[in-house]
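Atoms within each ligand, like the ligands themselves, are counted from 1 in listed order.
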Amino acid sequence: MIIRHNGLILAFDVDWDTKRSIVFLRGIMDLIDAVKVGWLQLLNIGPNGIKELTSGINTYFLADIKLGDIAHINEYVIRRLRDLGINGVIMHAVTGRENLNGVAKLSRDLGIDIFLLISMSSGGELYDLNLDYNVKLGTELGIAGFVVPATKPNIIRRVRSMVGNNYQLLSPGVGVQGGKPGCATASGADFEIVGRSIINSESPREVTLSILSAIKDPRC
Ligand code: NUP
């Protein structure tokens, strides 16, 4: 579970080295509840660099690799990510029950959270046609929560109405992709996930603060 102080997760999509990454993160760590890393780190600083990040910054690290393979590969990846200091992983729902069952159990044993991607902030029409099925699948698997798009608030509301308060809803698509800050959480998400609006800004701290005030006082 991600502990909610501010309701904001940073999508840390950068190809920076570890040192620069740590300096940047230290500048806004008090404002965000988790750091989402993924392919950019894997392909640039690699697993050792990720381990340096998770050791250097005391926060919840979410790996967004949208994992979606057969069971034994999924399980290997989860174990390895846990070794690197990762606390939660985003997985594709589309691979289905057989590929997710074992990994859901393993993740509970290892104390790593799985967040199931069940709708996408752009495209993802096959997901949206099967929303109820995938939400039910996630609740039956016993995962930590779901990824729901800030660009589709009706989907956030639908998923929240289906799962109650037992699952965390993380919502990307805020800012550059069109979602208005504050409106995903106002629709029922627990966290908004924001990347480029913060990272590419001249003053990341000020932008982050303005997103936090929108989350506290949404105008949607
Ligand atoms: O449906 C999704 N949309 C999406 O943008 C699922 C995601 N995991 N993401 C991720 O959220 C995407 O990979 C990126 O890391 C982040 C959005 O970044 P930005 O548009 O705020 O820069």
Side-chain angles (χ1 to χ4, degrees), residues 2 6-16 21 24-25 28 31-45 50 53 59-68 77 81 86-95 113-131 134-135 138 143-159 167-185 187-202 204-212 214-215:
I2 306 172
N6 303 298
L8 182 62
I9 296 172
L10 177 69
F12 198 39
D13 296 324
V14 296
D15 59 4
W16 304 341
S21 297
F24 181 91
L25 290 175
I28 56 166
L31 307 179
I32 58 180
D33 295 332
V35 175
K36 186 172 81 65
V37 292
W39 288 110
L40 275 87
Q41 280 79 20
L42 272 174
L43 295 173
N44 289 291
I45 55 173
I50 291 178
L53 277 188
T59 189
Y60 185 106
F61 277 90
L62 177 64
D64 185 0
I65 51 168
K66 301 182 185 67
L67 180 60
V77 175
L81 288 172
I86 294 293
N87 307 99
V89 181
I90 295 178
M91 293 194 69
H92 268 301
V94 73
T95 62
D113 299 326
I114 289 181
F115 294 93
L116 209 54
L117 181 70
I118 50 165
S119 177
M120 295 199 73
S121 55
S122 59
E125 57 273 24
L126 287 178
Y127 268 135
D128 294 342
L129 287 168
N130 296 291
L131 183 71
N134 287 322
V135 173
I143 53 162
F146 297 89
V147 178
V148 289
T151 49
K152 301 174 185 171
N154 54 328
I155 288 192
I156 303 178
R157 283 191 283 270
R158 168 91 189 136
V159 175
Y167 295 84
Q168 294 193 309
L169 304 186
L170 322 183
S171 190
V174 177
V176 176
Q177 295 185 56
K180 211 174 155 204
C183 297
T185 41
S187 303
D190 297 287
F191 298 92
E192 300 199 354
I193 298 177
V194 184
R196 287 165 292 178
S197 305
I198 295 173
I199 291 160
N200 296 342
S201 143
E202 296 281 297
R205 205 177 156 84
E206 274 159 49
V207 171
T208 308
L209 282 167
S210 76
I211 295 169
L212 292 190
I215 290 174

Proximity flag Ile199 to ligand 1, non-hydrogen atoms under 4.0 Å: no
Proximal ligand 1 atoms for Met120, defined as those under 4.0 Å from one of its heavy atoms: 1 (O)
Closest candidate by heavy atom, reference atom 16 (C) of ligand 1, pool Ala11, Gly195, Ser171: Ala11
Residue Asp13 vicinity, atoms of ligand 1 by number, heavy atom under 4.0 Å: 14 (C), 15 (O)
Numbering as shown, the atoms of ligand 1 that approach Val174 to under 4.0 Å (heavy-atom distance): 21 (O)
Which residue and heavy atom of the protein sit nearest atom 12 (C) of ligand 1, plus the separation: Lys36 NZ, 3.9 Å
Any pair counted as salt bridge (charged side-chain N to carboxylate O under 4.0 Å, His left out), so long as it reaches residues 167-176, sequence neighbours left out: none
If you look only at distance, which donor and acceptor atoms sit under 3.5 Å apart when one is on a side chain in residues 35-42 and the other is two or more places apart or in another chain?
| residue | atom | partner | partner atom | Å |
| --- | --- | --- | --- | --- |
| Lys36 | NZ | Asp64 | OD2 | 2.6 |
| Gln41 | OE1 | Gly38 | N | 2.9 |
| Gln41 | NE2 | Phe12 | O | 2.7 |

Closest protein heavy atom to atom 13 (O) of ligand 1, given as residue, atom name and distance to 0.1 Å: Lys66 NZ, 3.3 Å
Shortest protein contact, atom 17 (C) of ligand 1 (heavy atom only): Gln177 NE2, 3.5 Å
Those atoms of ligand 1 less than 4.0 Å from some heavy atom in Val194: 21 (O)
Identity and distance of the protein heavy atom lying nearest atom 3 (N) of ligand 1: Ser121 OG, 2.6 Å
